[in-house]
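Remember, predicted model here, so these are calculated numbers, not experimental data. Naming convention: chains lettered A, B, ... in sequence-line order (proteins, then strands); numbering from 1 in each chain.
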2 protein chains.
Amino acid sequence: MATKEPKNQPDGEKRYARASSYDVAHAAGVAQSTVSRCFKEDSNISESTRARVLKIAAELGYTPNSLARSLITQRSNMVGVICSEFTLCNNPELVNAISSALKQANISMLLMIVENESAIETTLPEALAYPLDGLISCVFMDEEQIQLFVKRRVPIVFFNRNIRSKGTDCILTDQAEGSAQMASRLHAAGHRRILCVGGPIDAPEDSVSRARLKGFIEAIDKLGGVDITCIHAGYTYENGRDQFLSYFADSALPEAIFCVNDQLALGVMDACRYTCNLSIPDAVSVAGFDNVSDAGRPVYNLTTIHQQIVPMATRAVDLILRRIAQPELPEETVTIRGILIARTSA
Amino acid sequence: MATKEPKNQPDGEKRYARASSYDVAHAAGVAQSTVSRCFKEDSNISESTRARVLKIAAELGYTPNSLARSLITQRSNMVGVICSEFTLCNNPELVNAISSALKQANISMLLMIVENESAIETTLPEALAYPLDGLISCVFMDEEQIQLFVKRRVPIVFFNRNIRSKGTDCILTDQAEGSAQMASRLHAAGHRRILCVGGPIDAPEDSVSRARLKGFIEAIDKLGGVDITCIHAGYTYENGRDQFLSYFADSALPEAIFCVNDQLALGVMDACRYTCNLSIPDAVSVAGFDNVSDAGRPVYNLTTIHQQIVPMATRAVDLILRRIAQPELPEETVTIRGILIARTSA
DNA sequence: TTGTAAGCGTTATCAT
DNA sequence: ATGATAACGCTTACAA
């Protein structure tokens, strides 16, 4: 009890495989706190002992245990990222961008995938169990869910979800402005009968799809003289394809089709070309939003609005770090412009 | 000191936002250990106190801190997943499958993305810092790197990386057999001049691309009478496209092209159709391997070998759990068959 | 059924 | 420059 024997290693045999700072201290003949100091920059420690201790640590394969550190420092160095299966599978670059921004800041990513936009409940306990340094949510959360994190002082940044709540920030592509750019382009190209393929009919007022649709329609109305029709699908390729087909079954072909995301647009394009034998853009123009990687392939060449995912991810991480440092700062909503990528589909 | 006052809450003001079991205990007038018991199934606790404590916990927004729990239980309930940017971006379903298999087992996923197959060094410190319950690696690791984890008793499962090492398991698509299926099909279709688009020329002997290439060539040789040429690209769409173009610039068109992955195949297809004006499969057949989601779109309709990602992911998690429970079990290499998906490209 | 106390592996605050 | 020692928030004997 009064000795320096590591407590977790009563006999010669080790109970646990991972070496602890006690093991290193024991082997190096120093105090455990000395070992700890050796792994910290600018700590008062002589270069000679540091060198010796680090050498022994390497031999024993010792690295400070992040979990134990977190407990005392009150910082886990982990940020949770919640996103939907759809986002992961159709826009993996987004997750990649967030991952690399976090890596830049030396923060680990606890990734939680939810089945769909409204299934966040299933992962809430997981997100709450850890003392996360922050949460980046690419899905909607209601006020009650948000409060669970706010109460625990876990900063939330909403990624492309326009949610304003006390103590949370958000980063958004300027949906309305992006859609307006597309509206101008289609209008300038002379299109006067336009079909809009929106998200689900029951999408909430503040959803991405609604924002894009609304922005598009308002811009078109301002330009004037355009006949607009809207149909509503989900978000997927198949939704776009099927909804267009059932629309086109008993309606005239529009001159242009604006889809609120690229997946819908790709579905519509394929429906046009492979089912209806319509050539694009000769028979009809198609435009999307997001600029997913497929959109740039020659098979689609989709005219779309590019979301600047990389700067958005960087900014999202900045917002988290900022709020960790200064929790009481006023809420911020950062808006980043979309960039019109003119290809041949429209 | 002798009182039951929560130590972390000296005055009325709270230093930390997250409620601890002490806070709950204090509010409920019970011991801290009682609170702990309330959150554990089948523990000797009266239903009445449990109900009361849980109610108060909910009010305070208390959930047991996973980190602190891990420290004492020696189980972090976190599994690290390492994969390359390429895999994430070109086969996001893989990450999704792993994520959902882990979720099923109530394990959190620490996702680490590395720039490329050989950049794992950059994320090693992160993976080692946490006492992970296991590691699923979708990238290569050398023996020295593996040992770092083995030493810490962290089970590793290699996902589609054929690495045999003491104490580690792996789960693989049967590359050779899948390639052989494709070889049979192309042969049966009457193709006698076949171009293979392999991975990088310097890919290691035990790499996925080599295994597929080797399996294909051996099977073709067995069938006989086929003239085979190999070219080497990287792994990407652009690699496939560019390498095919530079090959075709001064060589005759083969009857069929087998690419060691779908991305290469998609690149080759687009090069054929959009640059060389060759129709597929009339002028040339193209086949791939993986069955990524794009392959099924009518724009490609790629004949390919489907990797059974979902069962593979489930099995990978099983292997981890198995080895956590019984670390000394013999190493296992699970092989799962690929399924030929015959579409119109070949 | 409940409370007391030890310990998980760290960092941080004191002494020395 | 280094060593004791007290947290961090839990789980788990052991006592009562």
Side-chain angles (χ1 to χ4, degrees), chain A residues 1-10 14-26 28-53 57 62-77 129-131 152, chain B residues 1-10 14-26 28-50 52-53 57 60 62-77 129-131 152:
Chain A
M1 194 66 107
T3 90
K4 283 173 198 170
E5 285 298 318
K7 304 183 188 171
N8 58 352
Q9 184 179 346
K14 312 196 69 173
R15 261 186 74 201
Y16 306 120
R18 196 187 168 101
S20 78
S21 52
Y22 275 100
D23 300 323
V24 178
H26 185 69
V30 297
Q32 178 271 333
S33 56
T34 301
V35 175
S36 175
R37 270 190 280 262
C38 291
F39 281 87
K40 191 185 169 182
E41 308 264 345
D42 353 291
S43 55
N44 289 329
I45 194 95
S46 77
E47 271 317 310
S48 64
T49 46
R50 164 173 272 152
R52 189 163 46 88
V53 168
Y62 169 79
T63 326
N65 183 331
S66 270
L67 258 45
R69 170 182 288 162
S70 300
L71 209 51
I72 188 71
T73 60
Q74 301 290 319
R75 286 279 257 105
S76 65
N77 260 294
Y130 294 94
R152 291 165 158 84
Chain B
M1 193 65 107
T3 90
K4 285 173 197 170
E5 285 299 317
K7 305 184 189 170
N8 59 352
Q9 183 178 346
K14 313 195 69 173
R15 261 186 74 202
Y16 306 121
R18 195 187 167 101
S20 78
S21 53
Y22 275 99
D23 299 324
V24 178
H26 185 69
V30 297
Q32 178 270 332
S33 56
T34 301
V35 174
S36 176
R37 273 189 280 260
C38 291
F39 280 88
K40 192 186 169 184
E41 307 264 344
D42 353 292
S43 57
N44 288 329
I45 193 96
S46 78
E47 271 317 310
S48 63
T49 47
R50 165 172 272 153
R52 189 163 46 90
V53 168
L60 271 70
Y62 168 79
T63 327
N65 183 333
S66 271
L67 258 47
R69 170 182 287 163
S70 302
L71 209 52
I72 188 72
T73 59
Q74 300 291 317
R75 287 279 257 105
S76 65
N77 260 296
Y130 293 94
R152 284 156 214 240

*Asks:* Find the distance N65(B):CG to dC8(C):P and express it as a whole number of Å.
*Replies:* 18 Å
*Asks:* What integer distance in Å separates D23(B):CG from dG9(D):P?
*Replies:* 8 Å
*Asks:* Tell me whether the side-chain N/O atoms of Y62(B) come closer than 4.0 Å to OP1 or OP2 in dC10(D).
*Replies:* yes
*Asks:* Starting the side chain at C-beta, find the nucleotide from dT10(C), dG3(C), dC10(D) nearest to S21(A).
*Replies:* dT10(C)
*Asks:* How far apart are the closest heavy atoms of A28(B) and R52(B), and which atoms are they?
*Replies:* O-NH1, 2.8 Å
*Asks:* Expressed as a whole number of angstroms, how long is the span from R69(A):CZ to dC10(D):P?
*Replies:* 21 Å
*Asks:* Taking for each residue the nucleotide of DNA chain D with the nearest heavy atom, is it R37(B) or L67(B) whose nucleotide lies nearer the 5' end?
*Replies:* L67(B)
*Asks:* Closer to the 5' end of DNA chain C via nearest nucleotide, is it L71(A) or S46(B)?
*Replies:* S46(B)
*Asks:* If we count only N and O atoms by modelled type, under 3.5 Å, do the side chains of R152(B) and T63(A) hold a donor and an acceptor together?
*Replies:* yes
*Asks:* May I have the distance from Y22(A) (atom OH) to dT5(D) (atom P), rounded to whole angstrom?
*Replies:* 10 Å
*Asks:* Are any of Q74(A)'s side-chain N or O atoms less than 4.0 Å away from OP1 or OP2 of dG9(D)?
*Replies:* yes
*Asks:* If you compare every side-chain N and O of K40(A) against the phosphate oxygens of dT10(C) (OP1, OP2), does one of them come in below 4.0 Å?
*Replies:* no
*Asks:* Could you give the CZ-to-C1' distance, from R75(A) to dT10(C), as a whole number of Å?
*Replies:* 16 Å
*Asks:* Of all heavy-atom pairs between V53(A) and V30(A), which one has the smallest distance, and what is that distance?
*Replies:* CG2-CG2, 4.2 Å
*Asks:* Without decimals, in angstroms, what is the distance between F39(A) CZ and dA12(C) P?
*Replies:* 15 Å
*Asks:* Side chain of T49(A) only, please: which of dT1(C), dT2(D), dC10(D) is the nearest?
*Replies:* dT2(D)
*Asks:* Base, sugar-phosphate, or nothing: which does N44(A) touch, judged by heavy atoms less than 4.0 Å apart?
*Replies:* base
*Asks:* Which sits closer to the 5' end of DNA chain D, Q32(A) or S33(B), going by the nucleotide each is nearest to?
*Replies:* Q32(A)
*Asks:* Roughly how far, to the nearest 0.5 Å, is the OH atom of Y130(A) from the OG atom of S70(A)?
*Replies:* 11.5 Å
*Asks:* In this structure, how many angstroms lie between the C1' atom of dG9(D) and the OH atom of Y130(A), rounded?
*Replies:* 15 Å
*Asks:* Phosphate oxygens OP1/OP2 of dT11(C): is one of them under 4.0 Å from a side-chain N or O of S36(A)?
*Replies:* yes
*Asks:* Whole-Å distance between dA7(D) P and I72(B) CD1?
*Replies:* 18 Å
*Asks:* I45(A) side chain: which of dT11(C), dC10(D), dT2(D) is closest?
*Replies:* dT2(D)
*Asks:* Judged by each residue's nearest nucleotide on DNA chain C, which is more toward the 5′ side, T34(B) or V35(A)?
*Replies:* T34(B)
*Asks:* Return yes if some donor-acceptor pair links the side-chain N/O of S21(B) with the main-chain N/O of S36(B) below 3.5 Å, else return no.
*Replies:* no
*Asks:* Can you tell me if the side-chain N/O atoms of T73(B) get under 4.0 Å from OP1 or OP2 in dT12(D)?
*Replies:* no
*Asks:* Quick one: closest heavy-atom pair of A19(B) and Y62(B), and the distance?
*Replies:* O-CD1, 3.2 Å
*Asks:* By the 4.0 Å heavy-atom rule, please label T63(A) as base, sugar-phosphate, or nothing.
*Replies:* sugar-phosphate
